[in-house]
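Here the structure comes first, spelled out in structure tokens, and everything after it is commentary.
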Amino acid sequence: MPELPEVETVRRGLQSLIVGKIPTKAMVFDSPKSFPNALTDVEQFLYGATVKSVRRRAKVLLIDLSSDYSLVIHLKMTGQLVFVGDQRFAAGHPNDSMVGVLPDRSTRVELTFTDGTHLYFNDQRKFGWVKLFPTIEVPNIDFMKKVGPEPLLDDFTPEILYERLQRRKKSIIKAAILDQTVLAGVGNIYADESLWGARIHPETRVGDLSRDEITKLHHEIRAVMNLSIEKGGSTNKNYVNAEGKKGSYMEFANVFRREGQACNRCGAVITKIRAAGRGTHVCLYCQTSPMREQPVLP
DNA sequence: CACTTGACCTGTCCGC
DNA sequence: TGCGGACAGGTCAAGT
């Protein structure tokens, strides 16, 4: 999915586009799984309620309504939330939208506002979902109870990352930082990018990392995510923001999807391996550890 | 508990 | 051109 920077980019877009609007109709296409609430609840708590604010926790979006209910949305791998203010502009002009006229084949939910504008939830792979919850119950959702700290908040310190990692001492570090209960928001792209930045091989056991390495990794996770938010996120394939536009972080990526290309730091060829069950990009020559001997370029 | 693997889906790309 | 398999930004349930 969209990882933390992409979800945050969508959040910022929606905050400026839909606050104050009033949903009047929700159309669910194809799979009820995409929006499983009973129609009676949707009618009672969504229709006629005003959008108060758009929040994010981890990779989850929360659209708070004046009915004291919230739309809780997870985009998973291929989800998109695209606002269309004027259908004539959806297919490329004048706002450069990358999506065509909506709804399309991947549209799962169409939300109509009283002013005639629309919010589309598109999701090619149907892993994502939209659910209506009482706002006060959101922190009690299983995922919310288990999810780790927000990495971009000031109170997320290197010491906290070190402590959170203690529960996964025998895992490889990539699996540990992908674990949303350790910390929130890291996915496959930013796991690879931050490990490259910290010069840590993704298959290093957590228990073998020094304090200094974890401190460096903490810094890189934040630096990489902040840069990505600044660039509007990563468009690897499907991701677009709330206006249907792509993000440009991939132009700045150092390893992700750069297999076969030269490492920006040492010039060796970037390799793709499988780690933590995911495609993993690594420079085998400079991602070892500052604590260990540096391999020599072939 | 900690840790790994498969399942959930559709679409695309790559090798035969 | 067609077909099978691997793979794709994330979580969860089930297995060891």
Is a salt bridge present between A:D179 and A:R167, judged by a nitrogen-to-oxygen distance below 4.0 Å?
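No.
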Whether A:R57 and A:E150 form a salt bridge (side-chain N of Lys/Arg under 4.0 Å from carboxylate O of Asp/Glu) is what I want to check.
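Between A:R57 and A:E150 there is a salt bridge, with a charged N closer than 4.0 Å to a carboxylate O.
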Atom-pair distance ([atom1] on [X]; [atom2] on [N]), nearest Å:
X      : N      : atom1 : atom2 : answer
A:H281 : C:dC7  : NE2   : P     : 12 Å
A:I173 : B:dT4  : CD1   : P     : 12 Å
A:Q166 : B:dC1  : CD    : P     : 18 Å
A:E259 : B:dC14 : CD    : P     : 12 Å
A:L178 : C:dA8  : CG    : P     : 13 Å
A:K169 : B:dC3  : NZ    : P     : 10 Å
A:D179 : C:dG10 : CG    : P     : 13 Å
A:I189 : C:dC7  : CD1   : P     : 18 Å

Touch check for [X], heavy atoms < 4.0 angstrom, all strands: base, sugar-phosphate only, or nothing?
X      : value
A:F256 : sugar-phosphate
A:G128 : nothing
A:N236 : base
A:S234 : base

Given the rule in the ring-ring contact (aromatic ring centres under 6.0 Å, His included) test, do A:Y249 and A:Y190 qualify, once you have shown the distances and angles that lead to the verdict?
CA-CA 11 Å; A:Y249 177 84; A:Y190 305 107; 5.5 Å; yes
Under a 4.0 Å heavy-atom criterion, the protein footprint on nucleotides 5-12 of chain B, written with B, S and -, is ---BBBSS
Of all the nucleotides listed ([options]), which has the minimum atom distance to the side chain of [X]?
X      : options               : result
A:F143 : B:dT4, C:dT11, C:dG10 : C:dT11
A:K170 : B:dC3, C:dC12, C:dC7  : B:dC3
A:R167 : B:dA2, C:dT11, B:dC3  : B:dA2

When you check the phosphate oxygens OP1 and OP2 of [N], does a side-chain N or O of [X] lie under 4.0 Å from one of them?
X      : N      : value
A:R274 : C:dA8  : yes
A:R278 : C:dA8  : no
A:H74  : C:dT11 : yes

Rounded to the nearest 0.5 Å, what's the gap from [atom1] on [X] to [atom2] on [Y]? Could you check?
X      : Y      : atom1 : atom2 : value
A:R265 : A:C286 : CZ    : SG    : 3.5 Å
A:D64  : A:K52  : CG    : NZ    : 6.5 Å
A:K245 : A:T9   : NZ    : OG1   : 13.0 Å

Looking only at atom [atom1], what distance separates [N] and [M], rounded to whole Å?
N      : M      : atom1 : value
C:dC7  : B:dT5  : P     : 14 Å
C:dC3  : B:dC9  : P     : 24 Å
B:dA7  : C:dG5  : P     : 15 Å
C:dT11 : B:dG11 : P     : 22 Å

For A:R222, is the CZ atom crowded, meaning more than 12 foreign heavy atoms sit under 6.0 Å from it?
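Yes - once you tally the heavy atoms of other residues, nucleotides and ligands closer than 6.0 Å, there are more than 12.
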What do you reckon, are the aromatic ring centroids of A:H74 and A:F127 less than 6.0 Å apart?
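No, the ring centres sit 6.0 Å or more apart.
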Side chains of A:S210 and A:D212 only: does a donor on one sit below 3.5 Å from an acceptor on the other?
no
Give the stems involving DNA chain B, where a stem is 3 or more consecutive Watson-Crick or G-U wobble pairs (i with j, i+1 with j-1, and so on) under 3.5 Å.
B:2-8 with C:10-16, B:10-16 with C:2-8
For a side-chain hydrogen bond (donor to acceptor under 3.5 Å, both in side chains) check, start with the C-alpha distance between A:T107 and A:N122, then their side-chain angles and the critical distance, and finish with the verdict.
CA-CA 4 Å; A:T107 300; A:N122 303 326; 2.8 Å; yes
Report yes or no: does A:T235 contribute a side-chain atom to a donor-acceptor pair with the main-chain N or O of A:Y239 at less than 3.5 Å?
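Yes; at least one donor-acceptor contact below 3.5 Å.
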Pairwise 5' ranking along DNA chain C for A:R257 and A:K146, keeping only the more 5' one
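On the 5' side of the pair lies A:R257.
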